[in-house]
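One structure below.
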Amino acid sequence: MNKTILTGDRPTGRLHLGHYVGSLKNRVSLQHEYDTFVLIADVQALTDNFEHPELLRDNVTQVMLDYLAVGLDPEKVKFVVQSMVPELAELTIYFMNLVTVATLERNPTVKEEIKQRNFTRGVPVGFWSYPISQAADITIFKAHLVPVGEDQLPMIEQAREIVRRFNHLYGRVLIEPRAMVGEVARLPGTDGGAKMSKSLNNCIYLSDSAETLRKRVMSMYTDPTRIHPTDPGHVEGNPVFIYHDAFNPDKAQVEELKARYVKGAVGDVEVKQRLFEALARLLEPIRERRAQFEAQPARVREILMEGTRQGRAVAQETMREVRAAMKLTYFGD
Ligand code: TRP
């Protein structure tokens, strides 16, 4: 039996370099070995955007274009729109019995996200409990592996717990998934903040033009203790060098720049210029592929519809097994 990957993103904006190193790169390299499902998680995105569903609609297309642009192959990957698979909602309800309120309250990622958002009328139940629906996303496709950024590890752990409990209570139907984090688990923002994130406005998007890319790189936060190019600089924790390590394939050049940097023998402008060049080489083919697909909206829609159809068929099959295991088969189905 082929092994399966399920992963996904909320369609709240275009994807950026953090998504790329955290997860997209792994998805692209594993798509040939794994049966791959990529979920565009619009239902999850609604949990904190329910007042503006129209924002998600356009972003479903934007995220889809980003996927195709980085090289996810529509012949191999099934792209699935979450809201078009209502079986996910059903499985979520059954899973709710298997999770305690205390466990949800401890989820560090959700806690952090609640802090960042200001839910003026209190935290909606939908948002607070989204780890349960995410467990349904993963398990309904019988995924073995979930390539995700580091912040998603508590979600995978929650899914694993639910699977163990489900299989123990009702019989071995579900698969306990494993997380896979990219080589750069958490990419800092261009402002030196801990994480690249749309809401912090410190992103380089995969679809940024060369001009925007140059501006964003040249204004990046570097070593604040360094005032003149002749001051010895710090490489560790310096986002410009973290990006060099992550995106510049010319390791000899990176080492040489680092050596000169710590001696105070290179200016920030040159280090950033080299980073811009490396990123431009990475992003150019991505941008070109994006433009090709952008010019064929009917084809992109077709890819998404077909992926969703195939994904839903798998979900329906899993739910037949789930209902049988839970003794919810009344009319001979
Ligand atoms: N929570 C993920 C994010 O914010 C998106 C997501 C939804 C997801 N369902 C998933 C990721 C299932 C992996 C597996 O990026």
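Just follow the structure's listing: the first ligand is 1, and inside any ligand the first atom is 1. Since the structure is predicted, the reported quantities are computational estimates derived from the model, not experimental observations.
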Could you list the atoms of ligand 1 found under 4.0 angstrom from a heavy atom of [X]?
X: Leu6; value: 12 (C), 14 (C)
X: Thr7; value: 13 (C), 14 (C)
X: Ala41; value: 7 (C)
X: Val146; value: 13 (C), 14 (C)

- Message: Do Lys78 and Phe37 form a cation-pi contact, if we require the NZ or CZ to be under 6.0 Å from the six-membered ring centre and within 45 degrees of the ring's axis?
- Response: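 Because its charged atom sits under 6.0 Å from the ring centre and within 45° of the axis, Lys78 does stack over Phe37.
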- Identify whether NZ of Lys or CZ of Arg in Arg10 sits under 6.0 Å from the centre of the six-membered ring of Tyr130 and within 45° of that ring's axis.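 Yes, Arg10 lies over the aromatic ring of Tyr130.
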- Item | atom 9 (N) of ligand 1: nearest protein contact (heavy atom, Å) |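 Ranking protein heavy atoms by distance from atom 9 (N) of ligand 1, first comes Asp137 OD2, 2.8 Å.
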- When you measure from atom 2 (C) of ligand 1 to each heavy atom in Gln152, Gln82, Arg10, which option holds the nearest one?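 When every heavy atom of Gln152, Gln82, Arg10 is considered, Gln152 comes closest to atom 2 (C) of ligand 1.
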- Do you know the tightest heavy-atom contact between Arg274 and Asn248?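 So the two residues come closest at O-ND2, 4.5 Å.
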- Verify the distance criterion only: is there a donor paired with an acceptor across the side chains of Asn238 and Tyr261 at less than 3.5 Å?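 Yes, Tyr261 and Asn238 have a side-chain donor paired with an acceptor closer than 3.5 Å.
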- Query: Backbone N or O of Pro147 within a donor-acceptor pair of the Asn26 side chain at under 3.5 Å?
  - Reply: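 Not at all, since once roles are kept as given, no pair shorter than 3.5 Å links the two residues.
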- Query: Can you find an N or O of Gln44 that's nearer than 3.5 Å to an N or O of ligand 1?
  - Reply: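 Min N/O separation from ligand 1 is below 3.5 Å for Gln44.
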- Student check: side-chain heavy atoms of Met84 and Arg312 closer than 4.5 Å: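 No, side chains not in contact.
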